[in-house]
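Note sheet for the following structure.
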Amino acid sequence: MANEARGAARQAAGNEWLERLARFGMIGYGVTHLLVGWIALQLAFGKAAKEGDQSGAFKTLADGPLGKFLLVAVAIGLAAMVLWQVLEAAVGHTEDTGKERVFERVASVFKAGFYAYLAFKAVQVLQGSGKSSGDQQQQTTGTVLESTGGRWIVGLVGLAVAIIGAGLVWYGVTKRFEKHLKTGQMDAKVRKTTRGLGVSGYAAKGTVYGVVGILVLTAAVNYDPGKSRGLDQALHTLAEQPAGDFLLIAVALGLVAYGAFCFAQAKYRKV
């Protein structure tokens, strides 16, 4: 039975339509990062009207021409990416061996969960949900802090997110992402451009996640759920630092670079 299940999973993983949907989802994921980067740039110049997180990005998309249609398409693409990562966790990453394959499969589990969360947020925006991601995260943090051992739980979550942020920076700087790309199909110029987008994009994402993790840790130490409002608060925190506008602009451009990198993945990612 186990062999039959693995065989069925491999057959599903090789489905042409699933691959197309996953690549379409990468485009939607890229659009999300472009919009978050745009909101961050507006924040740097004091003009941001929406939260600088995925919900704000989805609301920005929904308010544009054909916005609801495009948001539905993004949600479908993200759902396809969930299925793709579930299959990767089950039978994928065959190019890796030993501990590295185990690590990649575990990472796929977390990616599937994150893409599912984004798809859920997209559906919420389509349904006109008024509560922001920051409000929801603050409320959840407050509830956990009031429970037995809640400060430890929140602190461990913050530490984990900060470590993920550091890992993303390392992943980008060491160009580990290239092993997932069909670099043999790229000419020299495309390969160089894609590499640059990946390095700067992962560095920006890692920086933001690192700040988010530190803020969650701060919420646990100070017993202050208001410090835990996710990506939007991380961007505001960067803006409040010395030379914060320049730092925020750099991070915003890095997020835009990651969005462009997602477009390159849509074509060259090994699926």
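None of the values given here were measured: they were computed from a predicted structure.
- Side-chain contact between V173 and Y202: absent, with no pair of heavy atoms (C-beta onward) separated by less than 4.5 Å.
- When side chains are defined from C-beta on, L35 counts as touching V31, because their heavy atoms get closer than 4.5 Å.
- Of all non-hydrogen atoms in V74 and G28, the two that sit nearest each other are CG2-CA, 4.1 Å.
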task = Output, in order, the C-alpha distance, side-chain angles, deciding distance and verdict of side chain to side chain contact (heavy atoms under 4.5 Å, CB included) for R151 and L145.
result = CA-CA 5 Å; R151 295 178 77 171; L145 283 174; 3.8 Å; yes

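- Under the 4.5 Å side-chain contact rule for hydrophobic residues, M81 and L21 share a cluster.
- Rounding to the nearest 0.5 Å gives a distance of 8.0 Å between CG of L247 and OG1 of T207.
- Here the CG atom belonging to L159 is positioned 11.0 Å from the CH2 atom belonging to W152, to the nearest 0.5 angstrom.
- Residues A257 and G201 approach most closely at CB-N, 4.3 Å, considering heavy atoms.
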request  = Given side chain to side chain contact (heavy atoms under 4.5 Å, CB included), test L87 with L83 step by step and report yes or no.
outcome  = CA-CA 6 Å; L87 292 171; L83 179 56; 4.3 Å; yes

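- If you take CD on E146 and OG1 on T141, they are separated by 11.0 Å, rounding to the nearest 0.5 Å.
- Residues F246 and F45 fall into different hydrophobic clusters, defined by Ile, Leu, Val, Met, Phe, Trp and Tyr side chains chained together at heavy-atom separations under 4.5 Å.
- Counting heavy-atom neighbours within 6.0 Å of Y223 OH, excluding the residue itself, gives a total above 12.
- Considering V221, V216, I214 as possible partners of T218, the one that fulfils the side chain to side chain contact (heavy atoms under 4.5 Å, CB included) test is I214.
- When side chains are defined from C-beta on, L197 counts as touching T193, because their heavy atoms get closer than 4.5 Å.
- Connection of M26 to F114 is established within a shared hydrophobic cluster, with ILVMFWY side chains joined at heavy-atom distances below 4.5 Å, either directly or through further cluster members.
- A salt bridge is absent between E104 and R176: the closest approach of a Lys/Arg side-chain nitrogen to an acidic carboxylate oxygen does not fall below 4.0 angstrom.
- Cation-pi check for K205 over Y258 is met; the charged atom lies under 6.0 angstrom from the ring centroid and within 45 degrees of its normal.
- Residues T194 and F261 form a side-chain contact, since some pair of their non-hydrogen atoms from C-beta on lies under 4.5 Å apart.
- A donor-acceptor pair is defined here as one N or O able to donate and one able to accept, closer than 3.5 Å; no such pair exists between the side chain of R269 and the backbone of L181.
- Around atom NZ of K270, more than 12 heavy atoms belonging to other residues, nucleotides or ligands sit under 6.0 Å away.
- Here the OH-CD distance, from Y268 to E178, works out to 13.5 Å after rounding to the nearest 0.5 Å.
- Side-chain contact between W38 and V256 is absent, with no heavy-atom pair separated by less than 4.5 Å.
- Not one N or O on the side chain of T183 forms a donor-acceptor pair closer than 3.5 Å with the backbone of K179.
- Heavy-atom neighbours of K111 NZ from other residues, nucleotides or ligands within 6.0 Å: above the threshold of 12.
- The minimum heavy-atom distance linking A80 with A22 is given by the pair CB-N, 4.0 Å.
- A donor-acceptor pair under 3.5 Å is formed between the side chain of R105 and the backbone N or O of A89.
- What you find for L248 and A239 is that their closest heavy atoms are CD2-CB, 3.7 Å.
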inquiry  = Run the side chain to side chain contact (heavy atoms under 4.5 Å, CB included) test on F110 and I164 for me, step by step, so that the C-alpha distance in whole Å, both residues' side-chain angles and the decisive distance to 0.1 Å come before the verdict.
reply    = CA-CA 11 Å; F110 286 98; I164 290 172; over 6 Å; no

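- Both I27 and L71 are part of a single hydrophobic cluster, where members link through side-chain heavy atoms under 4.5 Å apart.
- Between R23 and R20 there is no side-chain heavy-atom pair separated by less than 4.5 Å.
- Atom-to-atom distance recorded for N222:CG and L215:CG is 11.0 Å, nearest 0.5 angstrom.
- Within the 4.5 Å cutoff, side-chain heavy atoms of L168 are placed close to those of Y209.
- Using a 4.5 Å cut-off between side-chain heavy atoms of Ile, Leu, Val, Met, Phe, Trp and Tyr, with links allowed through other members, F58 and F120 fall into different hydrophobic clusters.
- The ring-ring contact (aromatic ring centres under 6.0 Å, His included) test with Y29 is passed by exactly one of W84, F263, Y115: Y115.
- Across all non-hydrogen atoms, the minimal contact from G30 to C262 is CA-CB, 3.5 Å.
- When all heavy atoms of A234 and V208 are compared, the closest pair comes out as CB-O, 4.0 Å.
- Between the OG1 atom in T32 and the CG atom in L78 there is a gap of 6.0 Å [rounded to 0.5 Å].
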